[in-house]
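Working notes, beginning with the structure itself.
Just so it is clear: chains get the letters A, B, ... in the order the sequence lines come, proteins before strands, and each one is counted from 1. Hydrogens, waters and symmetry mates are skipped; everything else that's a heavy atom, side chains included, is used.
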Amino acid sequence: EAQVTQNPRYLITVTGKKLTVTCSQNMNHEYMSWYRQDPGLGLRQIYYSMNVEVTDKGDVPEGYKVSRKEKRNFPLILESPSPNQTSLYFCASSYGFGGGNTEAFFGQGTRLTVV
Amino acid sequence: GQNIDQPTEMTATEGAIVQINCTYQTSGFNGLFWYQQHAGEAPTFLSYNVLDGLEEKGRFSSFLSRSKGYSYLLLKELQMKDSASYLCAVRDPDSGYALNFGKGTSLLVTP
């Protein structure tokens, strides 16, 4: 089954304790991205990657890191989480990004609470 | 910059037709997408428009006018399960082909 898998689904952590949210896709997609979703603000892109070893900042990258060492995986790293990073996070992937219907497939989401 | 606007909330009756509008101003354009999102779940793809006109897909249709920076999603024969948030998104080649989302329209379908 074609899917994007995020782990964990739920996480409560303390301020300053490094954490990683994993994302893996099995569709051989080139383009992967991370979003956060907050009430009243909608989905905002954190980072994206056009291919292996190619990453770039989205609209709200502060406090986050990513890496793309393999095509299928795109982990999101919070080196020193703070309460304002409490949010619902989604990983998404799509086949290419140039022309045609390159719909994004989303993971199930990770609800992160930083206390 | 990007600006994508949708109404915050709408209410409609089961069996009726509802139109959800989206206006956008983005530095680039490479397609407009509509997604459905139930509370606490992942967005799921509904439709894609890159050329002007209407795309029909069962009970759902989407329209695009690039010159007006305008799209709408039309939902026919509404069902209770259509109660969800509907997200308009524009793919912008000038920002790394990012999908830029509006804040979403929360649709409530009533009996």
Checklist entry - Ring centres of Y35(B) and F106(A) under 6.0 Å apart? => result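 Close enough - the centres of the two rings lie under 6.0 Å apart.
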Checklist entry - Checking Q37(A) against chain B: side chain, backbone, both or neither under 4.5 Å from a heavy atom? => result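 The answer is the side chain of Q37(A).
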Indicate, with yes or no, if [Y] and [X] share a hydrophobic cluster defined by side-chain heavy-atom contacts under 4.5 Å among Ile, Leu, Val, Met, Phe, Trp and Tyr.
X       : Y      : answer
I4(B)   : F63(B) : no
F105(A) : F45(B) : no
L73(B)  : V90(B) : yes
M80(B)  : L75(B) : yes
L78(A)  : Y47(A) : yes

Checklist entry - Above 12 or not: heavy atoms from other molecules or residues under 6.0 Å from CD of E77(B)? => result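 Open: at most 12 neighbouring heavy atoms sit under 6.0 Å from CD of E77(B).
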Next on the checklist: Which atoms of N100(B) are under 4.5 Å from chain A, going by heavy atoms: the side chain, the backbone, both sets, or neither?
Outcome noted: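 For N100(B), the contact with chain A is made by the side chain alone.
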Item to check | Side chain, backbone, both or neither of P43(B) within contact of chain A (heavy atoms, under 4.5 Å) | outcome: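 For P43(B), the contact with chain A is made by backbone and side chain together.
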Item to check | Minimum heavy-atom distance A42(B)-G107(A), with the two atoms named | outcome: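 Smallest heavy-atom distance, with atoms named: CB-O, 3.0 Å.
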Checklist entry - Which atom names give the shortest non-hydrogen contact between M50(A) and Y97(B), and what distance separates them? => result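 Nearest pair, atom of M50(A) first, then Y97(B): CE-CD1, 4.0 Å.
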Approximate separation, where rounding is to 0.5 Å, of [X] [atom1] and [Y] [atom2]:
X      : Y       : atom1 : atom2 : value
F33(B) : E103(A) : CZ    : CD    : 8.0 Å
R91(B) : T102(A) : CZ    : OG1   : 3.5 Å
L43(A) : K103(B) : CG    : NZ    : 12.5 Å

Checklist entry - Should L99(B) and Q45(A) be marked as a side-chain contact (heavy atoms from CB on, under 4.5 Å) after you check the CA-CA gap, both sets of side-chain angles, and the distance that decides it? => result CA-CA 8 Å; L99(B) 266 183; Q45(A) 191 179 57; 6.0 Å; no
Please report, to 0.1 Å, the donor-acceptor pairs under 3.5 Å made by any side chain of residues 53-65 of chain A, with sequence neighbours excluded.
unit_1 : atom_1 : unit_2 : atom_2 : d
Y64(A) : OH     : R36(A) : NH1    : 2.9
Y64(A) : OH     : Y89(A) : OH     : 2.6
K65(A) : NZ     : E79(A) : OE2    : 2.9

Item to check | Full working for side-chain contact (heavy atoms from CB on, under 4.5 Å) between E41(B) and Q108(A) | outcome: CA-CA 6 Å; E41(B) 297 183 7; Q108(A) 320 95 301; over 6 Å; no
Item to check | salt bridge (Lys or Arg N to Asp or Glu O under 4.0 Å) involving R111(A) - partner list, sequence neighbours excluded | outcome: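 R111(A) satisfies salt bridge (Lys or Arg N to Asp or Glu O under 4.0 Å) with no other residue.
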